[in-house]
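Read through the structure below, which is laid out as structure tokens, and then see the notes.
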Amino acid sequence: MEKIRRIKVVDILRMTEYGKSVNVKGWVRTKRGNKHVNFIALNDGSCIHNLQIVVDVPEFPEELLKKITTGAAISVTGELLESQGSGQAVEIQAKEIEVLGVADPEKYPLQPKRHTLEFLREIAHLRFRTNTFGAIARVRHAMIFAVHKFFNDKGFVNIHTPIITASDAEGAGEMFRVTTLDIDNPPRKENGEIDFDEDFFGRSANLTVSGQLEGELAALALSDIYTFGPTFRAENSNTSRHLAEFWMIEPEMAFYDLDDNMDLAEEFLKYLIKYALDNCLDDLKFLSKRLQDEEKNKKADERQMELIEKLRFVLENDFVRLSYSEAIDILKNSKPNKKKKFKYLIEGFGADLQSEHERFLVEKHFKKPVILTDYPKEIKAFYMKLNDDGKTVRAMDILFPQIGEIVGGSQREEDYGKLVGRMREMGIPEEEMWWYLDTRRFGSVPHSGFGLGFERMILFITGMGNIRDVIPFPRTPKNAEF
RNA sequence: UCCCCAGUAGCUCAGUUGGUUAGAGCGGCGGACUGUUAAUCCGUAGGUCGUAGGUUCAAGUCCUACCUGGGGAGCCA
């Protein structure tokens, strides 16, 4: 038989040329049947659906069919047919089967049954082969593509900011040190401190916690830029919303004030949601069904809105925008505050909002995404623009249900004197930041930006509950397997 | 890092006030069934009870420490 080009499952499922010979390659999900006919569910990751392979048992050697077990890789050449069964429109009547790679059923850990996400996390090298993680990988890819498309279509320039950095000025969190010094016997100065002059970069270096400061440098020349890169935090955070290595999107726009910034962030988030609904509906439907099955075990009042309905809801409604002060008033007069149900009671201006407060605002009070603005300067970073009241800064956080803070941004302080003043107040070393301060010395303009935690967005869009399940190989405290 | 919960077969779990030989479902394997949809039915193998100590005549069960996982908190994205 002449060699027939392989066609992916996603394309075969759309074909109607019945009788045509096709070749398909993939991994066996299940095989069932009797001594006359076998049915193989074949998946190649091109979509959530399997392709049904029909095998007339007497036409194939028994030894060959025995090797076709769950997880085995096979190549099938056969005839495309309209399916007699009701589960699928088309199927392949096998003419030739080649086993490309066997999977010993006694050892292969993925069984044709439901597994817990916790178990699959322990076999992250194989979990791509499940419906759930296949769907997540495809949605994640679509979102990566959509991020670039959104900004590209708006004329933004993508900037690769450094992954290794010597500046730890932002104070966004604990950093991972990068060094080539001998850890057992590092060179020391006379006072006993480690001598980083001897290190690779001639100074102490770390993995980046944010590309924002470098992003600002680019924005103050190119107008609109964005970064999309890995970010590292050595915090000992053990939650379902934190990773030690995650991907962050940080747009930075010259001539944008805080309102422009919020408009862009809201448009961006809605664009991503719409892109997922338009391009990943099969996967979202599967993820929704998975979620619904899980929700059945929960109490009625803890159940979430159906996934696709939730995405449409966010898409179709304006985010609520209010100032920190207004939020404090709402919280102060709220039932849980008056009845002392909050673990941290709200006394008044100045309190840092805890996740219980954010959740109350988003999930109970407004029941929509909320953008909070104008926080007290004490609880925000040094680079945020000081308001005229001298007490608050032009910050904005976007809060999503279940996830909490998904976006953090601000209008940046463009005034050299005020910026240096804030740095001194907060103990940021000016001399190390000379390059950053130069932007305020030479042609400084109002500018703004924000950061979006990519995995948190994927959590929201897929409806998954644990951030370790929306990145292929999660890095968390005590875990860097794979 | 703090608080709470869990760790028993490949997976998900049960295992009574400590008491003989630790159970089930799913999955695997063998068989039955001419078109199945995580097929169904019959049969069968499979265990260092997370690790290390301790209490006891006796520990899967009680105690201590540690490890791992989960939920929540803090930090944040």
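Hydrogens, waters and symmetry mates play no part in the numbers below; they use all other heavy atoms, side chains included. Lettering of chains follows the sequences in order, A, B, ..., and the numbering in each one begins at 1.
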When you check the side-chain N and O atoms of [X] and [Y], is any donor under 3.5 Å from an acceptor?
X: A:Arg32; Y: A:Thr30; answer: yes
X: A:Tyr383; Y: A:Gln212; answer: yes
X: A:Asp56; Y: A:Gln93; answer: yes

Might you list the N or O atoms of the protein lying below 3.5 Å from N or O atoms in nucleotides 7-9 of chain B, with each pair's distance?
none

Looking at A:His148, I'd like to know if its NE2 atom is crowded, meaning that more than 12 non-hydrogen atoms belonging to other residues, nucleotides or ligands lie closer than 6.0 Å.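 Yes, because the 6.0 Å sphere around NE2 of A:His148 holds more than 12 heavy atoms from other groups.
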Query raised in the report: More than 12 non-hydrogen atoms from neighbouring residues, nucleotides or ligands closer than 6.0 Å to NZ on A:Lys332, yes or no?
Result: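 For A:Lys332, atom NZ is not crowded (no more than 12 foreign heavy atoms under 6.0 Å).
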**Asked** Which residues in residues 9-18 of chain A have at least one heavy atom lying under 4.0 Å from any atom of RNA chain B?
**Response**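 Under 4.0 Å from RNA chain B: no residue of residues 9-18 of chain A.
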Does [X] make a side-chain donor-acceptor contact with the base of [N], cut-off 3.5 Å?
X: A:Glu106; N: B:G28; answer: no
X: A:Ser237; N: B:C76; answer: no
X: A:His242; N: B:C76; answer: yes

*Of A:Asp44, A:Asn43, A:Ile48, which is the lone residue that meets side-chain contact (heavy atoms from CB on, under 4.5 Å) with A:Ser46?*
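Exactly one candidate clears the test, A:Asp44.
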At 4.0 Å (heavy atoms only), tell me whether [X] reaches a base, stays on the sugar-phosphate, or touches nothing.
X: A:Lys107; value: nothing
X: A:Ile403; value: nothing
X: A:Asn38; value: nothing
X: A:Lys66; value: sugar-phosphate

Are side-chain heavy atoms of [X] and [Y] found at a separation under 4.5 Å?
X: A:Phe133; Y: A:Pro472; answer: no
X: A:Lys154; Y: A:Asp224; answer: no
X: A:Leu51; Y: A:Leu13; answer: yes

Whole-angstrom distance between [N] and [M], as gauged at atom [atom1]:
N: B:C67; M: B:U20; atom1: C1'; value: 33 Å
N: B:G60; M: B:G7; atom1: C1'; value: 11 Å
N: B:C13; M: B:G70; atom1: C1'; value: 16 Å
N: B:U8; M: B:G31; atom1: P; value: 33 Å
N: B:G18; M: B:G10; atom1: C1'; value: 30 Å
N: B:C76; M: B:A39; atom1: C1'; value: 49 Å
N: B:C63; M: B:A73; atom1: P; value: 28 Å
N: B:U51; M: B:C42; atom1: C1'; value: 41 Å

Just to confirm, is there a sub-4.0 Å distance from OP1 or OP2 of [N] to any side-chain nitrogen or oxygen of [X]?
X: A:Arg456; N: B:C76; value: no
X: A:Thr116; N: B:U12; value: yes
X: A:Ser355; N: B:A73; value: yes

Calculate the interatomic distance between [X] atom [atom1] and [N] atom [atom2]; express it in whole Å.
X: A:Glu356; N: B:G71; atom1: CD; atom2: P; result: 19 Å
X: A:Glu174; N: B:G74; atom1: CD; atom2: P; result: 18 Å
X: A:Lys67; N: B:C29; atom1: NZ; atom2: C1'; result: 18 Å
X: A:Leu120; N: B:C11; atom1: CG; atom2: C1'; result: 10 Å
X: A:Leu459; N: B:C76; atom1: CG; atom2: C1'; result: 14 Å
X: A:Ile249; N: B:C76; atom1: CD1; atom2: P; result: 21 Å
X: A:Asp352; N: B:C76; atom1: CG; atom2: C1'; result: 11 Å
X: A:Asn236; N: B:C3; atom1: CG; atom2: C1'; result: 15 Å

Report the relative orientation of the aromatic rings in [X] and [Y]; use parallel for angles under 30°, tilted for 30 to 60°, perpendicular for over 60°.
X: A:Tyr436; Y: A:Phe382; answer: perpendicular
X: A:Phe400; Y: A:Phe319; answer: perpendicular
X: A:Phe128; Y: A:Phe473; answer: perpendicular

| With sequence neighbours left out, which residue pairs that include part of residues 62-90 of chain A fulfil the salt bridge (Lys or Arg N to Asp or Glu O under 4.0 Å) condition? |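 Only A:Glu79-A:Lys95 qualify under salt bridge (Lys or Arg N to Asp or Glu O under 4.0 Å).
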Would you say the rings of A:Phe228 and A:Phe145 are close, in the sense that their centroids are separated by under 6.0 Å?
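For A:Phe145 and A:Phe228, the ring centres are not under 6.0 Å apart.
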Here's a test for you: under ring-ring contact (aromatic ring centres under 6.0 Å, His included), which of A:Phe342, A:Tyr324, A:Tyr344 qualifies with A:His357?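 Option passing the ring-ring contact (aromatic ring centres under 6.0 Å, His included) with A:His357: A:Phe342.
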| query | Of A:Arg468, A:Arg241, A:Arg140, A:Arg475, which is the lone residue that meets salt bridge (Lys or Arg N to Asp or Glu O under 4.0 Å) with A:Glu455? | reply |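 Option passing the salt bridge (Lys or Arg N to Asp or Glu O under 4.0 Å) with A:Glu455: A:Arg140.
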For RNA chain B, the dot-bracket notation using Watson-Crick and G-U wobble pairs below 3.5 Å, [ ] for pseudoknot-type crossings and | for other-strand pairs, is (((((((..((((.....[...)))).(((((.......))))).....(((((..]....))))))))))))....
Quiz item: Which distance, rounded to the nearest 0.5 Å, do you find between the CE of A:Met262 and the CZ of A:Phe450?
Solution: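 The distance works out to 12.0 Å.
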message: To check you understand the geometry: which heavy-atom pair defines the closest contact between A:Ser204 and A:Arg177, and what is its length?
response: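 Smallest heavy-atom distance, with atoms named: OG-NH1, 2.7 Å.
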| field | Residue whose closest nucleotide on RNA chain B lies nearer the 5' end, A:Asn238 versus A:Ala244 | value |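 The residue mapped nearer the 5' terminus is A:Asn238.
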Q.
On RNA chain B, does the nearest nucleotide to A:Tyr108 precede the nearest nucleotide to A:Pro105 from the 5' side, or the other way round? Give the residue.
A.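 Nearest-nucleotide comparison on RNA chain B picks A:Tyr108.
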* Give a yes/no verdict on base stacking between B:A77 and A:Phe454: centres under 5.5 Å, planes within less than 30° of parallel. =>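 No.
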Per-nucleotide protein contact along nucleotides 34-45 of chain B, 5' to 3', at a 4.0 Å heavy-atom cut-off (B base, S sugar-phosphate only, - neither), is SBBBBB------
Find every protein N or O atom lying less than 3.5 Å from an N or O atom of nucleotides 65-69 of chain B, and list the pairs.
none

- prompt: Within 45° of the six-membered ring axis of A:Tyr271 and under 6.0 Å from that ring's centre, is NZ or CZ of A:Lys149 located there?
  reply: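 Not satisfied by the 6.0 Å and 45° rule.
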